[in-house]
Amino acid sequence: MSDIASQTYTRADEAFDCLQTAIVKGDLAPGDKIGELDLCSRFDLTRGPLREALGRLESRGLLVRRPHAGVRVVSLSTSELVELYRIREVMEGLAARQAAERMTDQEIADLKATLDSHEAMIDEARGQAYYQAEGDYDFHHRIATGSRNTKLAQMLLGDLYYMVRMYRYRLSTSAGRPHLALGEHRRIVEAIAQRDGELAEFLMKRHINAARKNIEKKIQEGVLTI
């Protein structure tokens, strides 16, 4: 790859990371219309890298393009979001069970270290937010890959994963929720470390069920708008 091509790729990659983070954190909210000139100005981007980034975000299901309506950030109805969490509850429960059976001791140690870094981040945010970057820094991502179930990981880490991240962050800003979620994560990891697949599955399902109930409560209270 030439230096010019490498620089072009790097700028596009940075644009993608910038916009994806903005979507996950709600700076670009569900349903927001995407305008190239506005994004260039707002995020200090140039048109070429921006267009490549928008294409990648569209392929991940975070942006949708509709005739006569342009490009918008994807949005889910209340019922769609609740059903998404019901699907997660079953699938991630299975992933946790299989992770308990299949993760190596080193992978479990690394996962515990990741949660330590999460705790430091939550403390730095004064307990007001729990933001997990995608990939190995994300607790749920590591459980999915640690399951060693290729088909299950593909389903959990496809469009489902990126849509869920949009709402996970918004819910993590609830008072008290970051430390509560971290505690739930630690108990799941302890079950995995004990090689107790049944307990790991139960705790993961309960964790996601609690998140779903939190969503429904906040929607009813008008705190969370979809």
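These values consider heavy atoms only, across backbone and side chains, with no hydrogens, waters or symmetry-generated copies. What you see is a predicted model; the values in this text were computed from it and never measured. Nothing fancy with the numbering, it's 1 onward along the sequence.
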Problem set entry | More than 12 heavy atoms of other groups within 6.0 Å of E36 CD | yes
Seminar exercise, completed: Of all heavy-atom pairs linking M103 and E107, the shortest is CA-OE1, 3.3 Å
For this session: Just do the side-chain hydrogen bond (donor to acceptor under 3.5 Å, both in side chains) check on H118 and D123 with the steps written out, would you?
Result: CA-CA 9 Å; H118 288 182; D123 289 342; over 6 Å; no
Problem set entry | Heavy-atom donor-acceptor pair, Q194 side chain to A191 backbone, under 3.5 Å | no
Exercise. Is it the case that one hydrophobic cluster holds both L180 and I208, taking links as side-chain heavy atoms less than 4.5 Å apart, direct or via other members?
Worked result: no
For this session: Start with the C-alpha distance between K217 and K213, add both sets of side-chain angles, then the distance that settles side chain to side chain contact (heavy atoms under 4.5 Å, CB included), and finish with yes or no.
Result: CA-CA 6 Å; K217 180 174 179 286; K213 289 181 177 178; over 6 Å; no
For this session: Only counting residues at least two apart or in another chain, list the ones meeting side chain to side chain contact (heavy atoms under 4.5 Å, CB included) with A144.
Result: L156, L157
For this session: Any pair with a residue in residues 181-204 that passes ring-ring contact (aromatic ring centres under 6.0 Å, His included), sequence neighbours left out, goes on the list, sorted by first then second residue, please.
Result: Y130-H185, F139-H185, H140-H185, H185-H207
Problem set entry | Distance-only polar pair, side chains of D138 and Y161, donor-acceptor under 3.5 Å | yes
Problem set entry | Closest non-hydrogen atom pair between A95 and S147, with its separation | O-CB, 3.6 Å
Problem set entry | Point-to-point distance, once rounded to the nearest 0.5 Å, from CD1 of I188 to CG of L203 | 6.0 Å
Exercise. Does the distance from a Lys or Arg side-chain N to an Asp or Glu carboxylate O, for R11 and E52, drop under 4.0 Å?
Worked result: no
Exercise. Is any side-chain heavy atom of I192 less than 4.5 Å from a side-chain heavy atom of I143?
Worked result: yes
Problem set entry | Pairs satisfying salt bridge (charged side-chain N to carboxylate O under 4.0 Å, His left out), at least one member in residues 81-95, at least two apart | E83-R86, R88-E92
Exercise. If you measure from CE on M204 to CG on L199, what distance do you get to the nearest 0.5 Å?
Worked result: 11.5 Å
Exercise. Looking at residues at least two apart in the chain, or sitting in another chain, which of them share a side chain to side chain contact (heavy atoms under 4.5 Å, CB included) with S117?
Worked result: T114, Y137
For this session: Could you check V189 against L115 for side chain to side chain contact (heavy atoms under 4.5 Å, CB included), going step by step and ending with a plain yes or no?
Result: CA-CA 9 Å; V189 174; L115 292 185; 3.6 Å; yes
For this session: Could you go through the side chain to side chain contact (heavy atoms under 4.5 Å, CB included) check for R186 and D116 one step at a time?
Result: CA-CA 9 Å; R186 287 196 185 280; D116 289 340; 3.0 Å; yes
For this session: Provide the closest heavy-atom pair for Y85 versus I215 in the form atom of the first, atom of the second, distance.
Result: CE1-CD1, 3.4 Å
For this session: Would you sort out whether L19 and L45 count as a side chain to side chain contact (heavy atoms under 4.5 Å, CB included), showing the intermediate values?
Result: CA-CA 10 Å; L19 294 179; L45 302 172; 4.2 Å; yes
Problem set entry | Any donor-acceptor pair under 3.5 Å from R195 side chain to E101 backbone | no
Exercise. Among all residues two or more places apart in sequence or in another chain, which pass the ring-ring contact (aromatic ring centres under 6.0 Å, His included) test with F16?
Worked result: none
Exercise. If we only count heavy atoms from C-beta on, is the L152 to M91 side-chain gap below 4.5 Å?
Worked result: yes
Problem set entry | Qualifying residue for side chain to side chain contact (heavy atoms under 4.5 Å, CB included) with I23, from L28, I34, V74, D32 | L28
Exercise. Between E190 and K112, is any pair of side-chain heavy atoms under 4.5 Å apart?
Worked result: yes
For this session: Treating Ile, Leu, Val, Met, Phe, Trp and Tyr as nodes and any side-chain heavy-atom pair under 4.5 angstrom as an edge, say whether L76 and V82 lie in one connected cluster.
Result: no
Problem set entry | Heavy-atom closest contact (P30 atom, S75 atom, distance) | CB-CB, 3.7 Å
Exercise. Do other residues, nucleotides or ligands put more than 12 heavy atoms under 6.0 Å from the CG atom of D44?
Worked result: no
Problem set entry | Working for side-chain hydrogen bond (donor to acceptor under 3.5 Å, both in side chains), residues Q20 and R60 | CA-CA 10 Å; Q20 180 172 249; R60 283 194 169 180; 2.7 Å; yes
For this session: Quick one: list whatever passes salt bridge (Lys or Arg N to Asp or Glu O under 4.0 Å) with R212, sequence neighbours left out.
Result: E216
Exercise. Who passes salt bridge (Lys or Arg N to Asp or Glu O under 4.0 Å) against E201, sequence neighbours left out?
Worked result: R97
For this session: Specify the closest pair of heavy atoms between L54 and L39, including all atoms of both residues, with the distance to one decimal.
Result: CD2-CD1, 4.1 Å
For this session: Check P178 against I122 and note the closest heavy-atom contact, atom names and distance.
Result: O-CD1, 3.7 Å
Exercise. Among all residues two or more places apart in sequence or in another chain, which pass the salt bridge (Lys or Arg N to Asp or Glu O under 4.0 Å) test with R42?
Worked result: none
Exercise. With sequence neighbours excluded, what pairs up with Y162 under the ring-ring contact (aromatic ring centres under 6.0 Å, His included) test?
Worked result: none
Problem set entry | Cluster check L50, V71: I/L/V/M/F/W/Y, side chain < 4.5 angstrom | yes
For this session: Check side chain to side chain contact (heavy atoms under 4.5 Å, CB included) between V90 and all other residues, then give those that pass, not counting sequence neighbours.
Result: none
Seminar exercise, completed: Taken in chain and number order and not counting sequence neighbours, the residues that satisfy salt bridge (Lys or Arg N to Asp or Glu O under 4.0 Å) with R187 are none
Exercise. Between atom CD of E80 and atom CE of M163, what is the distance when rounded to the nearest 0.5 Å?
Worked result: 8.5 Å
Problem set entry | Partner residues of D27 under the side-chain hydrogen bond (donor to acceptor under 3.5 Å, both in side chains) criterion, sequence neighbours left out | none
Exercise. So, R56 and D13, do they make that salt bridge, N to O below 4.0 Å?
Worked result: yes
